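Since this is a predicted model, take the numbers as computed values, not measurements. Counting convention: from 1, in listed order, for ligands and their atoms alike.
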Amino acid sequence: MNKVYFKKAQPVVYQTLSNALKNQRVANAYLFHGPKGSSKLETAILFAQSIVCEHVDVDGFACQECESCKRIENEDSLDYMIVSNDRIKKKDIVDLQAFFESTSAGKQNARIYILDHYDKATSDASNSLLKFLEEPSEGIYGILIADEKSNVLPTIQSRCQSIHFKPESCKHLLLENTMEENAKMLADSGYTYDKAIELLALPDFEELKQIAFEYIENASSFAQIEKMQTSVFVNKSDRMNKDWIQLWIQWILFYVKNNKVNLPLENKVKLYSILVENMDMLYRPVDLGLFMDKLYYDIRKAVIK
Ligand SMILES: [Zn+2]
C-alpha cells in the first residue's frame, strides 16, 4: 500500500494505528469497517507488516521491503494467515486456530490473521471466533474487515477495537496515472486506489473496456452473446475470473449511468438493477460459466425495446 496515499486518504486511521504501533499498544483484535472503496484490506496488510517489520518508519509503519514484509505480502509466512473467502464459515475459523496451534509451538513472535468480508461470515463462524477472542493468546493479533459494521455480531464487535474508515475517492490520484474516463469509472465503482492501479496495469485493461462498450451496444444480438462466450469469457480461460467479470460489469454500469448507452429510461432502469443484483451474486460461490450465460440472457431481455 502507498503510505503517502494512506496518510492523506485516512488521516484519523493513520494516526490511531501509528500511535498503537509506536507505543506498542496494539490490540489483540481490530474491526476495520467502512464503505467499499476505502482501503481497509490494504491497511490491514500494512498493519500486519508493521507488527513484524524491524525497519519501521518514524510513524511506526512497515518498510514494505524487508523479508518479513515480503513474506506477508506474498502470504508466505507461518505466522500470518489471511482468509478472504466470500463467506467465512466455521471451518475457516477452526482451520485458522489449528494453523496457529500447529505452527506456534515455542515461538515468541507475533502471529497475525486477517478475516476479510467478515460482515458476510456465518453465525457458526462467529461463535467459533468468539471463543478464540475471549481467550486471547499472547502475541496473536486479528484484524476483521467489514463494509457494514452492523452486520457483525455485537459480541464480536465488543471484543474488537473498532477502526472506522471514511469513504475514499481515489479519482484525483488516479488521474496521475490514467485518463479521466478510467479514473472516474474506477473511483465511482468503489475500487480502492491500490486495486485500481493493479487493474490499470493489466495489459488488456483498455481492451476489456472496449469489449464492454461493444457488447452493451449490441446486447440484444445472439451473435454478440456468442462472441462473448467464444472469445471473451471462455470457460476455463484466464479471463473467466471474478475480477475480470466484475470489471466488465462495472464498465457497463458506467456506460449506463453516464448515458453512453442509447436506451429508453425504462430499459435502462431494468438493465441497471440486473447489473447491480448480479454484482452482488458474484460475491457468492457461483459457477462462472452458468452465471455469465444467465447474465447475457437477462441483459438481453432488459434491453429489448
Ligand atoms: Zn519491513
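Shown here are the salt bridge (charged side-chain N to carboxylate O under 4.0 Å, His left out) partners of Glu138, two or more places apart in sequence or in another chain: there are none. Under the ring pair (Phe, Tyr, Trp, His ring centres under 6.0 Å) criterion, Tyr113 pairs with Phe132, sequence neighbours left out.
The aromatic rings of Phe213 and Tyr255 sit perpendicular to each other, their planes meeting at more than 60°, with 30° as the lower class boundary.
The minimum heavy-atom distance between Cys66 and Cys53, with the atom names listed, is SG-SG, 3.9 Å.
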Review point. Where do Phe61 and Leu17 land on the side-chain contact (heavy atoms from CB on, under 4.5 Å) test, with the steps shown first?
Key: CA-CA 9 Å; Phe61 289 106; Leu17 297 182; 4.0 Å; yes

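Only protein N, O or S atoms were considered, and those under 2.8 Å from the Zn ion (ligand 1) are Cys53 SG, Cys63 SG, Cys66 SG, Cys69 SG.
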Atom pairs and distances, side-chain donor-acceptor, residues 193-206, under 3.5 Å, sequence neighbours left out:
| residue | atom | partner | partner atom | Å |
| --- | --- | --- | --- | --- |
| Lys195 | NZ | Glu198 | OE2 | 3.2 |
| Lys195 | NZ | Asp243 | OD2 | 2.9 |
| Asp204 | OD2 | Arg239 | NH2 | 3.1 |
| Glu206 | OE2 | Asn182 | ND2 | 2.8 |

